[in-house]
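Reviewing the structure listed below.
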Amino acid sequence: DQQVKQNSPSLSVQEGRISILNCDYTNSMFDYFLWYKKYPAEGPTFLISISSIKDKNEDGRFTVFLNKSAKHLSLHIVPSQPGDSAVYFCAGNSGGSNYKLTFGKGTLLTVNP
Amino acid sequence: NAGVTQTPKFQVLKTGQSMTLQCAQDMNHNSMYWYRQDPGMGLRLIYYSASEGTTDKGEVPNGYNVSRLNKREFSLRLESAAPSQTSVYFCASRSTGPPPQHFGDGTRLSIL
């Protein structure tokens, strides 16, 4: 049972344009969502998060939108840069105060110069 | 500031051998986690430690044991390695309150 789904394995975008990465979830008990970025041979790096009581959180070029009724969240990167090329993981917190994360399979973003 | 340090970075084992993966964090975090990542998959939680002296199972604990040695260190042990445990193992830590978890760079483990 895959509780966090990233249905697009890959996405290719031109430099300067918007990148939109999508994530769907099935567990209504998730109370926090996070996006991580991962480069090859490195650990995941935290990017941005959003509480389930909010519908938007913005940090510089990164914005996360949460639609609880649709159980859907998205990460917008504007403008996209070649250095943004990485695998992006969506994760939901199912562990209450223990913050046990459930991850999606990831989306490989390629930003072309 | 090293953050989360994992050792070793690479290891090859034979089936049946035992191995301990080490993890240390220097951020004075209370909670620590072990995940595994298989090709084309997201990270899956093996074990976690909410605070020093406590450990609990995650999604895929079978075949593993953990020890929270002190606040800084959280080790993962494979008592009898199996090829199905070939994976990249990530350790993470978190302070109190909401996420995020901070990850190490992983241990790439191959079991032949």
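Each chain gets a letter, A, B and so on, in the order its sequence line appears, and its residues count up from 1. None of these values were measured; they are calculated from a predicted model.
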At under 4.5 Å between heavy atoms, what parts of residues 17-39 of chain A are in contact with chain B? List them by residue number.
Tyr32(A), Leu34(A), Tyr36(A), Lys38(A)

Contacts table for residues 104-112 of chain B: side-chain donor-acceptor under 3.5 angstrom, sequence neighbours left out:
unit_1	atom_1	unit_2	atom_2	d
Asp105(B)	OD1	Gly43(A)	N	3.1
Thr107(B)	OG1	Pro8(B)	O	2.5
Arg108(B)	NH1	Asp105(B)	O	3.2

Under 4.5 Å to a heavy atom of chain A? For Glu59(B) that would be neither

Max heavy-atom pairs within cutoff under 4.5 Å with chain A, candidates Gly42(B), Gly58(B), Ala92(B), Cys91(B), goes to Gly42(B)

Is there a path of hydrophobic side-chain contacts, each under 4.5 Å between heavy atoms of I/L/V/M/F/W/Y residues, joining Tyr35(B) to Met19(B)?
no

Quick one: do Tyr48(B) and Phe103(A) end up in the same hydrophobic cluster if we chain Ile, Leu, Val, Met, Phe, Trp and Tyr together by side-chain heavy atoms under 4.5 Å apart?
yes

Honestly, the part of Leu101(A) sitting under 4.5 Å from a heavy atom of chain B is both

With a 4.5 Å cut-off on side-chain heavy-atom distances among I, L, V, M, F, W and Y, is there a chain of contacts connecting Tyr33(B) to Tyr89(B)?
no

Check the hydrophobic clustering (I, L, V, M, F, W, Y; side-chain heavy atoms under 4.5 Å; chains of links allowed) and say if Ile46(B) and Leu78(B) are grouped together.
yes

Are there over 12 heavy-atom neighbours, none belonging to Lys5(A), within less than 6.0 Å of that residue's NZ?
no

Report whether Phe46(A) and Trp34(B) are members of the same hydrophobic cluster (ILVMFWY, side-chain heavy atoms less than 4.5 Å apart, transitive linking).
no

Between the CZ atom in Arg94(B) and the NZ atom in Lys100(A), the distance rounded to the nearest 0.5 Å is 12.0 Å

Which of residues 51-84 of chain A get closer than 4.5 angstrom to chain B, counting heavy atoms alone?
none

Minimal heavy-atom distance between Met41(B) and Phe89(A), with the atoms involved, is O-CE2, 4.1 Å

Distance (rounded to the nearest 0.5 Å) between Thr102(A) OG1 and Arg44(B) CZ
11.5 Å

Check whether Ala91(A) gets within reach of chain B through its side chain, its backbone, both or neither, counting any heavy atom under 4.5 Å.
neither

Toward chain A: residues of residues 10-17 of chain B with heavy atoms under 4.5 Å
none

Testing the basics here: between Phe103(B) and Pro44(A), what is the closest heavy-atom pair and its distance to 0.1 Å?
CB-O, 3.5 Å

Heavy-atom cut-off 4.5 Å, strictly under: side chain, backbone, both or neither for Leu45(B) against chain A?
side chain

